Amino acid sequence: MEFATFADRAAAIEAEPADLEIVARVSDLLSDANSDLEVVARFVQGRVFPAWDSTTLDIGPSTCYEAIARAAGPNVGGDDVEERLAEVGEIGAVAAAYDFGGQRGLGAFTGGGGGDESGENGNGGDLTVNEVAETLADLAATEGSGSQDRKVDLLFGLFNRCSSEEARYLARLVLSEMRIGVGEGTVRDAIGEAFDVPTDRVQRALQVSNNYGQVARVARDEGIDGLDAMDLEVGRPVQAMLAQAGTVTEALEEWDEAAVEWKYDGARIQLHHRVDGDGESETSVFSRNMEDVTAALPEVVEYAARTLEESAILDGEVVAIDADGSPLPFQEVLKRFRRKHDVAKAREDVTVRPVFFDCLHADGDDLLAEPLTARHDRLESLLAADSDSEPDPDPADVEGLSLLWLTDDPEEIEAIDADALESGHEGIMLKDPDSTYSPGRRGKHWRKRKPDVETLDCIVTGAEWGEGRRATFLGTFELSVRAGDAGDDLETVGKVATGITDEKLEALTELLEPHIAAEDGQTVDLEPAVVFEVGYEEIQTSPTYSSGYALRFPRFQGVRSDKEPADANSLERVERLRDRQ
Ligand code: ATP
């Protein structure tokens, strides 16, 4: 296909407001492509390379401006392009307004009679889609000294053969600013329409391959059978499944039980480990955006080499840890994540560990369509060879397998959340145990627990001494609000035991111990003195507490040392908040 034809079609698609018509136009475009179908399917989405391929052109906008300026004639400089861009706001329009090759007089910006837009009377017409793709691939592969000049030369060579309309779309393509209203869903539907294959089969093939061009070609040349035969490929990343915000209450209402996991505060990784027949292995690690980050994370590669005996694709998180193995904040992982130089030195400063929560492929089997619990079982058996794993793993040991609890018990979920927070992680993820793995989807099958929107300031009126290593700390704090006409009665609304680390417990014990009014075994009554700020998911009516209400999933947010008990919230406020739910 000539690039001029592609550009004309792109212009028509851009001008089309109706989604269905856009799909029809993209479908026609794909049908009219020949050996260049893969390229056309990518270009129409504004992609130069397949989605799974992290190759980039590695050029800054100024390189592109310079190439446009050179092609536009001797009197045009890169500054001129930038000035016009500041005026017009869109590189395609700027490029289209020049008259490339100096053959057609002045462009629109200089008010002259530029060449026509069809591309028929100018330089346009002989450049093909394949030539553009090949030149851009050469450009991406250009490295070393003088590579920027070489890149400008290559781009100049393309612009120099462009008509205005071709230049518009070439500039946008090069700068990843295609924006003609064609998203992934449009191309999926268009492939179905163009080659008469069901969209769900196209969708599945896209999920496993992440390659729109290849799927279009297979749909055209091999039909449904070809699409169905497409599998995950170890070494080729797929999009990560994503989470929605949600509450424990919602999760338990929707599913019989929830799969509860810790939410690790690190960076998402997808591990691809290939074991050959002769036992040799090769590992690649990709970021959430499918960038290859293998070189930056040698610990992950080493973990895979010593643990995995079979080929696998695993989904997980890489977490920074301190000398005791406790997780460090997310910012620390970032110091390691995309580093290309001095990795050994960076490794001395920050240690990272992988933790895996999903398994997409194991030993030749694609597992995307398996339920979460089956995938997790497979993950567990793959990682069982980890020589460092204890038979009864310490959940605080963040390496290897992420633990998964199946439960319908809110109390247990609360305890898992508390442990996760206490171990320095972000909280919990709630997952539908029966759900399949949907690459790239942010669905409700994976929920990250929502941060609390409302909080209440409650008076601490009781507590319990802890057990074991926490025997000298007060924990499980009873919460009350003000009630009665004068607001000096107290009514209980719940207990908070979550989200409190040992250090915090020690400080709280020091703060509260002087206010102990009575003790009965492990339980203590406290005189009203200290106010806690507490988050919660919901307020429920409940016979358990004297107020008649209970805070569901209360979370300790902090001590309101600026508040006296008289400033704490009242029962009336609890009732108002409940009515608003
Ligand atoms: P977003 O995905 O919403 O743009 P984000 O990347 O900051 O934001 P969140 O949505 O807050 O991440 O949470 C989902 C992320 O949590 C995952 O992408 C993953 O990196 C991380 N995570 C940590 N532990 C788990 C787990 N057990 N299961 C799934 N994801 C986890």
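Nothing here was measured: the structure is a model prediction, and the numbers come from that model. Both ligands and their constituent atoms are indexed starting at 1 by order of listing.
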Please determine, by modelled atom types, if [X] and [Y] share a side-chain donor-acceptor pair under 3.5 angstrom.
X    : Y    : answer
Q557 : T455 : no
T56  : D58  : no
E257 : T407 : no
R442 : Q244 : no

Residue portion contacting ligand 1 (non-hydrogen atoms closer than 4.0 Å) for M429: side chain
Non-hydrogen atom of E426 closer than 4.0 Å to ligand 1: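 Judged by the 4.0 Å heavy-atom criterion, E426 does not count as contacting ligand 1.
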Heavy atom of the protein closest to atom 14 (C) of ligand 1 (residue, atom name, distance):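 Looking only at protein heavy atoms, the one closest to atom 14 (C) of ligand 1 is K263 CE, 4.0 Å.
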Protein residue, atom and distance nearest to atom 22 (N) of ligand 1, heavy-atom basis: E317 OE1, 3.6 Å
Shortest reach to atom 18 (O) of ligand 1 by a heavy atom, considering only M241, K448, R268, H425: R268
The one among W446, F357, Y264 that brings a heavy atom closest to atom 31 (C) of ligand 1: F357
Within 6.0 Å of CZ in R441, more than 12 heavy atoms from elsewhere: no
Going by the order shown, which atoms of ligand 1 are within less than 4.0 Å of some heavy atom of [X]?
X    : result
K431 : 26 (C), 28 (N), 29 (C)
R288 : 1 (P), 2 (O), 4 (O), 5 (P), 6 (O), 8 (O)
E261 : 26 (C), 27 (N), 28 (N)

Contact (N/O only, under 3.5 Å) between S402 and ligand 1: no
Pairs touching residues 45-55 that satisfy salt bridge (Lys or Arg N to Asp or Glu O under 4.0 Å), sequence neighbours left out: R47-E184
Derivation of the side-chain contact (heavy atoms from CB on, under 4.5 Å) call for E299 and T351: CA-CA 8 Å; E299 293 97 321; T351 303; 4.3 Å; yes
Contacts of E90 that satisfy salt bridge (Lys or Arg N to Asp or Glu O under 4.0 Å) - sequence neighbours left out: R172
Is_contact(atom 7 (O) of ligand 1), protein non-hydrogen, under 4.0 Å: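 No, there is no protein heavy atom closer to it than 4.0 Å.
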